Amino acid sequence: MRRFSWRAGQRHRPGLGYSTSTGRLHGFESLAERRFLLMLDFVPGTREVLSQPFTLRFTAAGRRMEHVPDFAVLLDDGVLVADVRPGGRGKRTDVVKFAATARAARATGWSYVMVAGWHPGAVDVLEASGRCRRPMQDPLGFQDRLLAAASAGPTRLSALVATTEVPAMARTHLLHLIWHRRLAVDLSHPLTDASWIHLIRVRS
């Protein structure tokens, strides 16, 4: 509904973020919105993302107002409308706009969320694994060996990559497997060599 802009001195940092879920780039206006796009890409069932999808016009206390939500997300089970305001940033009138958007979303059978922040551990893990989310070639079979080693039970990250001949390369494939939910790690803690890695068993 409006173009992304950038001016010297402003806090916004617009750009384009790639999504493996949709296979294309999506616009964002801040680093917080870029992070939200990354989180969406990790969530199963994300089919489409629209940046600044529509303008909501309404009247509150006799005053005409309008609001453009940050994102509309098409999920397998419905539509999610989202605004991103980390740390409670924003004006007092934003609260009215968020409430009106939530009400309009409910009237259409959609969901609404105002994103105020993320768990630090989850951010660290997903940003690290997100760098390795694109399709990867694996001529040396690192991924199969990591999955086989993890099938014996929870294993420390350092011990798991040490089961291969080139642990440094195995780390990249391990992050790829975490992103694609073949391996799991506790998102509430930072990702370190001491992190426990679990195999996600795929049901046949």
Side-chain angles (χ1 to χ4, degrees), residues 1-56 65-75 79-102 105 110-136 157 171-172 174-181 184-192 195:
M1 295 305 299
R2 56 187 174 87
R3 295 182 177 181
F4 298 104
S5 61
W6 187 89
R7 297 186 304 275
Q10 74 175 14
R11 301 178 72 173
H12 295 310
R13 292 294 183 270
L16 294 172
Y18 179 75
S19 169
T20 56
S21 300
T22 66
R24 64 186 184 87
L25 297 168
H26 300 275
F28 60 82
E29 277 195 316
S30 66
L31 297 180
E33 289 186 13
R34 180 193 66 79
R35 186 168 288 168
F36 178 68
L37 285 173
L38 179 69
M39 301 297 177
L40 280 178
D41 201 16
F42 184 72
V43 174
T46 299
R47 296 170 54 189
E48 185 56 88
V49 181
L50 300 175
S51 304
Q52 301 182 352
F54 58 84
T55 300
L56 176 67
M65 304 179 71
E66 65 178 42
H67 176 57
V68 179
D70 293 324
F71 299 101
V73 186
L74 178 61
L75 302 168
V79 176
L80 172 69
V81 178
D83 282 302
V84 182
R85 294 294 187 281
R89 295 176 186 170
K91 304 175 183 178
R92 288 188 176 182
T93 54
D94 287 342
V95 176
V96 177
K97 294 177 180 180
F98 298 154
T101 306
W110 298 348
S111 301
Y112 175 79
V113 63
M114 198 283 286
V115 181
W118 301 267
H119 192 289
V123 170
D124 292 341
V125 174
L126 294 186
E127 287 197 336
S129 58
R131 299 186 187 103
C132 305
R133 57 186 156 155
R134 298 192 185 219
M136 298 176 60
L157 188 152
R171 288 174 183 272
T172 301
L174 183 143
L175 292 174
H176 180 81
L177 293 170
I178 289 175
W179 179 270
H180 291 282
R181 287 174 288 279
V185 66
D186 187 348
L187 295 179
S188 65
H189 294 84
L191 188 65
T192 68
S195 297

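Because the structure is predicted, anything quoted here is derived from the model rather than measured.
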As an exercise, state the distance from [atom1] of [X] to [atom2] of [Y], rounded to the nearest 0.5 Å.
{"X": "L37", "Y": "L16", "atom1": "CG", "atom2": "CG", "value": "10.0 Å"}
{"X": "F28", "Y": "D70", "atom1": "CZ", "atom2": "CG", "value": "12.5 Å"}
{"X": "E29", "Y": "F71", "atom1": "CD", "atom2": "CZ", "value": "8.5 Å"}
{"X": "H176", "Y": "S129", "atom1": "NE2", "atom2": "OG", "value": "10.5 Å"}

Heavy-atom side-chain proximity of [X] to [Y] below 4.5 angstrom:
{"X": "R34", "Y": "L31", "result": "yes"}
{"X": "D83", "Y": "V115", "result": "no"}
{"X": "L38", "Y": "E127", "result": "yes"}
{"X": "R181", "Y": "F42", "result": "yes"}

If you look at every heavy atom in [X] and [Y], which pair is closest and at what distance?
{"X": "A105", "Y": "Y112", "value": "CB-CB, 4.0 Å"}
{"X": "W118", "Y": "A32", "value": "CH2-O, 3.4 Å"}
{"X": "G121", "Y": "H119", "value": "N-ND1, 3.0 Å"}
{"X": "A128", "Y": "L175", "value": "O-CD1, 3.8 Å"}
{"X": "H180", "Y": "R133", "value": "NE2-O, 2.7 Å"}
{"X": "F36", "Y": "A82", "value": "CZ-CB, 3.6 Å"}

Q | Row check, F98 ring normal vs R85 NZ/CZ: under 6.0 Å, within 45° | A |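 Cation-pi check for R85 and F98: fails.
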Q: Could you pull out all residues at least two apart from R131 that satisfy salt bridge (Lys or Arg N to Asp or Glu O under 4.0 Å)?
A: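 So R131 forms no salt bridge (Lys or Arg N to Asp or Glu O under 4.0 Å) with any residue.
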Using a 3.5 Å distance criterion without hydrogens, assess whether the side chain of [X] forms a donor-acceptor pair with backbone atoms of [Y].
{"X": "S195", "Y": "L157", "value": "no"}
{"X": "D41", "Y": "T20", "value": "yes"}
{"X": "H26", "Y": "V49", "value": "yes"}

Q. After noting the C-alpha distance and the side-chain angles of L56 and K97, does the key distance pass the side-chain contact (heavy atoms from CB on, under 4.5 Å) rule?
A. CA-CA 9 Å; L56 176 67; K97 294 177 180 180; over 6 Å; no
Q: Could you point out which residue of T55, V81, V84, L50 forms a side chain to side chain contact (heavy atoms under 4.5 Å, CB included) with P69?
A: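 When T55, V81, V84, L50 are each tested with P69, the side chain to side chain contact (heavy atoms under 4.5 Å, CB included) holds only for V81.
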Q: Could you give me the CA-CA distance, side-chain angles and deciding distance for V73 and V79, then say whether side-chain contact (heavy atoms from CB on, under 4.5 Å) is met?
A: CA-CA 6 Å; V73 186; V79 176; over 6 Å; no
Q) Crowded around H189 NE2? As in, over 12 foreign heavy atoms under 6.0 Å? A)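 Atom NE2 in H189 is not crowded, with 12 or fewer foreign heavy atoms closer than 6.0 Å.
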